[in-house]
Engineer: 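Structure below; questions to follow.
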Amino acid sequence: MSNKKGSLSINSENIFPIIKKWLYSDHDIFLRELVSNACDAITKLKKLDMIGEFEEPEGNHYQVDVKVSPENKTIKVIDNGLGMTADEVEEYINQIAFSGAEDFLAKYKDKTNEDQIIGHFGLGFYSAFMVADKVTINTLSYKEDAVPVYWECDGGTEFTMEDGDRMERGTEITLYLGEDSTEFANEYRVREVLDKYCAFMPEEIYFTNEDAKEEEKEEIPEVVEEDGTPVEEADSVEEKEPEAPKPINDTVPLWAKHPNECTDEEYKEFYRKVFMDFKEPLFWIHLNMDYPFNLKGILYFPKINYEYESIEGTIKLYNNQVFIADNIKEVIPEFLMLLKGVIDCPDLPLNVSRSALQNDGFVKKISDYITKKVADKLSGMCKVDKENYEKYWDDISPFIKFGCLRDEKFNKKMKDYILFKNLDKKYVTLPEYLEAAKDKNENKVFYVTDEVVQSQYINMFKEQEMDAVYLTHNIDSAFITHLEQANQDVKFLRIDADIADTLTETADEEEMKTLGETLGDIFKKALSKDNLIVKAEKLKNENVSAMITLSEDTRRMQEMMKMYNMGGDMDPAMFGADGSETLILNANNKLVKYVIDQPEGEHTNLICEHLYDLAQISNKPLSPEAMTKFIARSNEILGLLI
Ligand code: ADP
Ligand code: MG
């Protein structure tokens, strides 16, 4: 071949600035592109072998080598795959890539946001120029009598191509790193990038630091004690055989295997390795589908760390074992991102913009399929393995509820498998709860949001054999609204929203009203709270003196305001808050009776103040000032005993 010089193409001068600038956020993908090309070259050669176009020589070991030289600031990606002839370099590198560049420019000219291009696929080989000033290719095709080719390009518009000197079949690509990219000359940085993108690529990848190798040979490190004296080696006089180098990747990832061939231990091990989570996952779903599209993956349900409340999952997306990115919301339903998992979908159109992905019917099908599989697994578990389903419920329920809120299809499939933990810590469905409570509180679902704060109410409920359910997670307030919309005749009431009829004795309404007014006057005066609302009730439990109830609607309104961070300095009365926080006084309680009998009594004020605080405490924490007074008053009361 005569030496060849060429201009890449008229438009090509535009591509390098774009490669450098647009893809600024993840420069590290160049390594993914080059290593995946190297794997492709081997896979293709294996296929040629299979169809008889090539015969694998004896003693051949297919492998990709990534070599970094911190001194020379180079990275080499070497494979012993099929190599390229001069014609092929011309076609695949010189022409294709640059006509590709034209397309690339045309397509993305107006998109200034680098995020638009998902995975930046299609850029392939030329992404090397994101980090390199100069790139060379040394390649020898597997074809008989092939002549090696040497190609070089400095990132301008020109390349040179001439006969090369590579003796072995395959391709060696060398990147001379640019000044801004010397981080990739660091062994640990490169290893990190390889682990990120190449951990499951389908051909063996070996990584070496070219400079370190020689150093190792020169100085054999001496083993010394802490004080510096050499350690006497017992019986290891013989040199140990140097360990055979190990590939950095797992060429057959667990998800690629058939579920029947995977053990629980393997699933757990994979989880630990990929997600660095040393808590065991609760369970997992192995997705394995060939038709109508190709999709494999494993989704794990992690154990929730309640200490931090927020649940953060990761779904890693792969394309033919090549890592693309975490949590691509266009492909993976949002609520699934609370899980941890891997999804490999070779059919994904990744060389398109994110907005195009979002509107892609095929991508939607993938996402629907995953959703369906997850719902099937969960509902199936509830049906045939109720015991485990209940055991996991506390951990998986935020996920399921979030899914129901976000995805109508998921909601449809899961709505009959929503469980509620009741006061006996048993799990019941909504119809089961309503059925059991139908005589006592028709179509009302009482719920507890805080077991400690609301314990007073819980105890009263238990005494009267009434039931309530625990809805303590952040997501529950939204989920309650969702349930009420789906079940129009059911009303959810926090356990302290009202005094249920079941808790009180039947009493003369008029008498109670007058009593309430009398008590109201006394308490208002004692507490100097003019707009306090007081009601008298005859509670069956005479030990309970006072309670606060706050109407469900008002409380929800307040919570909403808090969530949107409104109402910081707004008067809650504006929203009727004062109008619905009611102090319930138990006419059967002896302290309340004392107040009624002796409105001007020696201890009346003290008792009023204290009853009010006690009622507050069992509703929400006291303010710091109220707490200080409460403690002081408690001491005072104890003082009365002696
Ligand atoms: P893609 O991989 O999407 O085809 P690339 O830009 O990454 O696009 O590569 C362009 C072409 O160059 C490849 O399709 C392949 O034919 C050729 N090529 C790249 N790297 C190698 C390699 N290491 N060995 C053999 N051929 C290669
Ligand atoms: Mg490629």
Side-chain angles (χ1 to χ4, degrees), residues 8-9 12 15-16 18-19 23 26 28-49 53-54 62-67 75-105 107-108 117-132 135-143 146-153 155 159 161 164 166 168-175 197-198 201-206 318-324 346-352:
L8 287 167
S9 113
S12 62
I15 193 176
F16 291 107
I18 286 173
I19 290 172
L23 307 174
D26 32 9
D28 57 359
I29 61 135
F30 78 92
L31 201 54
R32 167 182 80 190
E33 295 299 320
L34 297 179
V35 177
S36 70
N37 280 351
C39 288
D40 286 350
I42 292 173
T43 308
K44 283 177 194 163
L45 192 58
K46 283 180 176 170
K47 281 194 180 135
L48 289 170
D49 188 3
E53 296 272 302
F54 170 72
Y62 287 119
Q63 71 181 69
V64 175
D65 279 290
V66 177
K67 294 183 177 172
I75 296 186
K76 292 182 186 150
V77 178
I78 308 158
D79 68 73
N80 54 5
L82 85 180
M84 284 181 278
T85 63
D87 285 348
E88 285 163 345
V89 174
E90 178 65 27
E91 192 182 341
Y92 300 137
I93 302 293
N94 296 342
Q95 285 174 16
I96 295 269
F98 280 91
S99 66
E102 271 173 61
D103 282 350
F104 181 88
L105 280 172
K107 251 195 227 160
Y108 299 116
I117 314 153
I118 182 174
H120 323 304
F121 260 56
L123 200 58
F125 169 72
Y126 278 91
S127 62
F129 288 98
M130 285 176 10
V131 296
V135 178
T136 66
I137 304 176
N138 258 308
T139 181
L140 175 64
S141 168
Y142 74 99
K143 287 176 183 160
V147 178
V149 181
Y150 176 79
W151 180 96
E152 180 181 315
C153 178
F159 64 87
M161 204 168 117
R166 187 171 166 87
E168 308 108 69
R169 178 199 72 236
T171 304
E172 172 175 301
I173 294 184
T174 308
L175 274 57
Y197 291 109
C198 309
M201 282 191 186
E203 308 294 344
E204 288 185 7
I205 302 162
Y206 295 84
Y318 294 79
N319 181 289
N320 266 327
Q321 300 178 214
V322 179
F323 175 71
I324 306 303
D347 303 337
L348 269 185
L350 286 171
N351 53 347
V352 297

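Atoms within each ligand, like the ligands themselves, are counted from 1 in listed order.
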Engineer: Relative to ligand 1, is Ile93 under 4.0 angstrom through side chain, backbone, both or neither, heavy atoms considered?
Structural biologist: side chain
Engineer: How long is the straight-line distance from CD of Glu33 back to CE of Met130, given to the nearest 0.5 Å?
Structural biologist: 8.5 Å
Engineer: Below 4.0 angstrom from a heavy atom of Gly124, which ligand 1 atoms are there? Numbered from 1 as shown, please.
Structural biologist: 5 (P), 6 (O), 7 (O)
Engineer: Would you call Met84 a ligand 1 contact, heavy-atom distance under 4.0 Å?
Structural biologist: yes
Engineer: Assign the ring pair Phe129 / Phe125 to parallel, tilted or perpendicular, where the plane angle (0 to 90°) is split at 30° and 60°.
Structural biologist: perpendicular
Engineer: For atom 7 (O) of ligand 1, which candidate among Leu34, Asn37, Val35, Asp79 provides the closest heavy atom?
Structural biologist: Asn37
Engineer: Is there an N/O/S atom in Ser36 that lies less than 2.8 Å from the Mg ion (ligand 2)?
Structural biologist: no
Engineer: Are Trp151 and Tyr92 near enough that their ring centres are under 6.0 Å apart?
Structural biologist: no
Engineer: Is a side-chain donor or acceptor of Glu88 paired with a backbone partner of Thr85 at a separation under 3.5 angstrom?
Structural biologist: yes
Engineer: Quick one: does Tyr62's side chain have a donor or acceptor within less than 3.5 Å of a partner on Asp79's backbone?
Structural biologist: no
Engineer: Against heavy atoms of Phe125, which atoms of ligand 1 measure under 4.0 Å?
Structural biologist: 5 (P), 6 (O), 7 (O)
